[in-house]
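Notes to accompany the following structure.
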There are 2 protein chains.
Amino acid sequence: MSNPAPDDKSPYHHGDLRQALMAAAEAELGERGIEAFSLRSVAKRAGVSHAAPAHHFGDVNRLLTALATEGFRQFLAAQSAREAAAAPDAASQMVAAGLGYIDFAMQRPALFRLLWGSRRPDFTDADLAEASRASYQHLVDQIGAAGGRTIADETAVWAIAHGLADLLCAGRMSGIGSLAPPERDRVLADILRRALPR
Amino acid sequence: MSNPAPDDKSPYHHGDLRQALMAAAEAELGERGIEAFSLRSVAKRAGVSHAAPAHHFGDVNRLLTALATEGFRQFLAAQSAREAAAAPDAASQMVAAGLGYIDFAMQRPALFRLLWGSRRPDFTDADLAEASRASYQHLVDQIGAAGGRTIADETAVWAIAHGLADLLCAGRMSGIGSLAPPERDRVLADILRRALPR
DNA sequence: GCGCTATCTTGTCGCTGTCAAGATTGTATT
DNA sequence: AATACAATCTTGACAGCGACAAGATAGCGC
């Protein structure tokens with residue numbers, strides 16, 4: 001096991017460049033956005049040459065694919081975090097999952113936009129497809145437990161959570177976006193509950 | 001008035017290059033998507049040199065800003081078209097506006113993504129900001145006429161329409177997206193009506 | 001010690017957006 | 001009608017980009 005000293009300035013072999021590139025890529029995504037995302041800038045941030053990422057990811061889209069796959073898992077984790085703090089009844093769990101969906105969008109907007117608003121990740125990639133499916137299927141499943149029976153019910157809860165998340169993430173909902181978090185959560189929960197059939 | 005012959009092959013002065021560039025830009029957007037959008041490719045399609053667009057739009061983002069402004073107006077027109085064909089009661093008009101919102105997203109996905117999923121247009125531009133505001137304010141106003149009173153009501157109808165539109169536009173809602181249009185409209189209308197307070 | 005392979009660097013290519021300078025055309029003025 | 005001026009478009013250049021090829025370096029099994 002090599003284990004180079006942390007202060008080792010610039011060893012020819014990085015050690016865990018793949019992970020470092022992923023972290024640098026997310027930081028770049030947060031600072032410059034997906035539009036100005038640059039593979040060379042990621043490499044520079046990680047302290048390696050401009051061609052180093054190619055060996056680990058092939059091309060820039062595959063780096064973004066890996067980033068999106070990891071992003072979807074954290075996205076699902078954000079929903080689980082809300083559920084853990086919510087009442088155990090099915091309707092509350094459904095609302096909590098929706099609030100987690102929105103939490104992620106507001107807290108990590110650049111990553112959310114990579115997941116839902118970009119075509120650069122390769123969504124035919126098996127890992128990404130599965131991580132993506134699992135992330136919204138979890139939410140959709142909740143409404144079944146809460147009394148939803150039709151495809152309209154399933155679609156409704158997903159569309160409501162996604163619409164709120166996307167518009168808040170983009171900063172276009174000044175009305176709700178400027179509310180204090182507790183009050184905002186109450187309004188969002190009110191809206192999410194409308195997905196349930198009457 | 002100049003009025004050059006239509007078959008005039010390549011006059012030094014185009015005549016209405018600004019409009020031609022807008023059309024070429026939308027065509028490029030539809031064929032290659034926002035990620036691969038290229039100013040030089042737009043110029044080539046319009047039959048002019050690579051630097052010609054700069055004189056009319058300054059830079060590429062201002063071309064996209066102009067395109068988005070026009071896009072928002074057509075987006076609003078898609079809602080009006082549905083309303084004109086719907087029953088005159090307030091709830092039906094609200095649903096119709098939502099269906100028009102979704103129509104536009106499914107029929108012109110590249111443009112919809114420019115309007116709602118890109119940061120390249122300059123949304124501080126006065127014309128664009130006004131066109132954008134008008135496009136969703138119209139939908140939000142409908143729920144007031146249909147009995148909505150709270151900020152939750154207004155937010156709900158917008159979020160539902162937008163969530164459905166965004167996910168259908170991205171091709172991620174295979175369940176509803178694969179239905180035949182009449183059946184699909186029925187399900188979408190069912191969901192849109194859930195925005196109304198009970 | 002030796003060879004093999006993975007890892008990383010350097011250099012190059014075509015493409016991109018933007019800027020500067022020059023060519024062409026339309027229009028107003030005299 | 002001739003001239004000056006402004007608008008329009010082209011050509012050429014530059015740096016930054018993603019991708020590829022070739023070479024340098026390092027770890028690892030033998």
Side-chain angles (χ1 to χ4, degrees), chain A residues 1-5 8-25 28-29 31-68 114 118-122, chain B residues 1-6 8-25 27-29 31-68 114 118-122:
Chain A
M1 197 57 65
S2 51
N3 190 14
D8 196 351
K9 282 308 175 189
S10 64
Y12 203 98
H13 284 37
H14 182 283
D16 194 2
L17 182 56
R18 184 182 172 93
Q19 197 60 33
L21 287 171
M22 295 267 293
E28 284 284 315
L29 207 64
E31 289 181 13
R32 316 208 311 168
I34 180 69
E35 281 85 1
F37 185 85
S38 150
L39 189 58
R40 288 170 106 107
S41 186
V42 169
K44 187 173 297 183
R45 179 185 285 261
V48 293
S49 78
H50 64 261
H55 197 280
H56 294 273
F57 294 100
D59 57 17
V60 58
N61 285 344
R62 279 198 273 181
L63 168 56
L64 291 172
T65 300
L67 201 61
L114 176 70
S118 175
R119 290 187 179 166
R120 298 191 65 177
D122 175 17
Chain B
M1 197 57 65
S2 51
N3 189 17
D8 197 349
K9 283 306 176 189
S10 64
Y12 202 97
H13 284 37
H14 181 284
D16 195 0
L17 182 56
R18 184 181 171 93
Q19 196 61 32
L21 286 170
M22 295 268 292
E28 284 285 315
L29 206 64
E31 289 180 15
R32 315 208 314 169
I34 181 70
E35 280 85 1
F37 185 85
S38 150
L39 190 57
R40 287 171 107 107
S41 185
V42 168
K44 188 173 296 182
R45 178 185 285 261
V48 293
S49 78
H50 66 263
H55 197 279
H56 293 274
F57 294 100
D59 58 17
V60 59
N61 284 345
R62 278 197 275 181
L63 168 55
L64 290 172
T65 300
L67 201 60
L114 176 71
S118 175
R119 288 187 181 167
R120 298 192 63 178
D122 174 17

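To find a chain, count down the sequence lines: A is the first, B the second, and so on, and within it residues start at 1.
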Take the protein atom [atom1] of [X] and the nucleotide atom [atom2] of [N], then report the distance between them rounded to whole Å.
X: B:F57; N: C:dT18; atom1: CZ; atom2: P; result: 13 Å
X: B:R40; N: D:dA13; atom1: CZ; atom2: P; result: 13 Å
X: B:L63; N: C:dT18; atom1: CG; atom2: P; result: 10 Å
X: A:L39; N: D:dA19; atom1: CG; atom2: C1'; result: 9 Å
X: A:N61; N: D:dG18; atom1: CG; atom2: P; result: 10 Å
X: A:R45; N: D:dG16; atom1: CZ; atom2: C1'; result: 17 Å
X: B:D16; N: D:dT8; atom1: CG; atom2: P; result: 11 Å
X: B:L64; N: C:dG17; atom1: CG; atom2: C1'; result: 12 Å

To the side chain of [X], which of [options] is closest?
X: A:L17; options: D:dT11, C:dC8, C:dT12; answer: C:dC8
X: A:A51; options: D:dT11, D:dG18, D:dA21; answer: D:dA21
X: A:H55; options: C:dT7, D:dG18, D:dA7; answer: C:dT7
X: A:A52; options: D:dC17, D:dT11, C:dC8; answer: C:dC8

Inset, instruction - Select from A:A54 and A:K44 the residue whose nearest nucleotide in DNA chain D is closer to the 5' end of that strand. - result: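 The residue mapped nearer the 5' terminus is A:K44.
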
Inset, instruction - Check whether any side-chain nitrogen or oxygen of B:H56 sits under 4.0 Å from OP1 or OP2 of D:dC9, and answer yes or no. - result: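 It does, given that an N or O in the side chain of B:H56 lies less than 4.0 Å from OP1 or OP2 of D:dC9.
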
Inset, instruction - Examine D:dC17: is either OP1 or OP2 under 4.0 Å from a nitrogen or oxygen in the side chain of A:S38? Give yes or no. - result: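 For A:S38, the contact criterion (side-chain N or O under 4.0 Å from OP1 or OP2 of D:dC17) is met.
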
Inset, instruction - Calculate, to the nearest 0.5 Å, the distance between atoms CZ and CG belonging to B:F37 and B:L114 respectively. - result: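 Going from the CZ atom of B:F37 to the CG atom of B:L114 covers 8.5 Å.
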
Inset, instruction - Hey, could you give me the CG/NE2 distance between A:L21 and A:H56, rounded to the nearest 0.5 Å? - result: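 That separation rounds to 6.5 Å.
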
Sub-4.5 Å side-chain heavy-atom contact between [X] and [Y]:
X: B:L64; Y: B:I34; result: yes
X: A:S118; Y: B:E35; result: yes
X: B:F57; Y: B:T65; result: no

Legend entry - Donor-acceptor pair present, A:H50 side chain and D:dG16 base, under 3.5 Å: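 By the distance-only test, no, there is no pair.
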
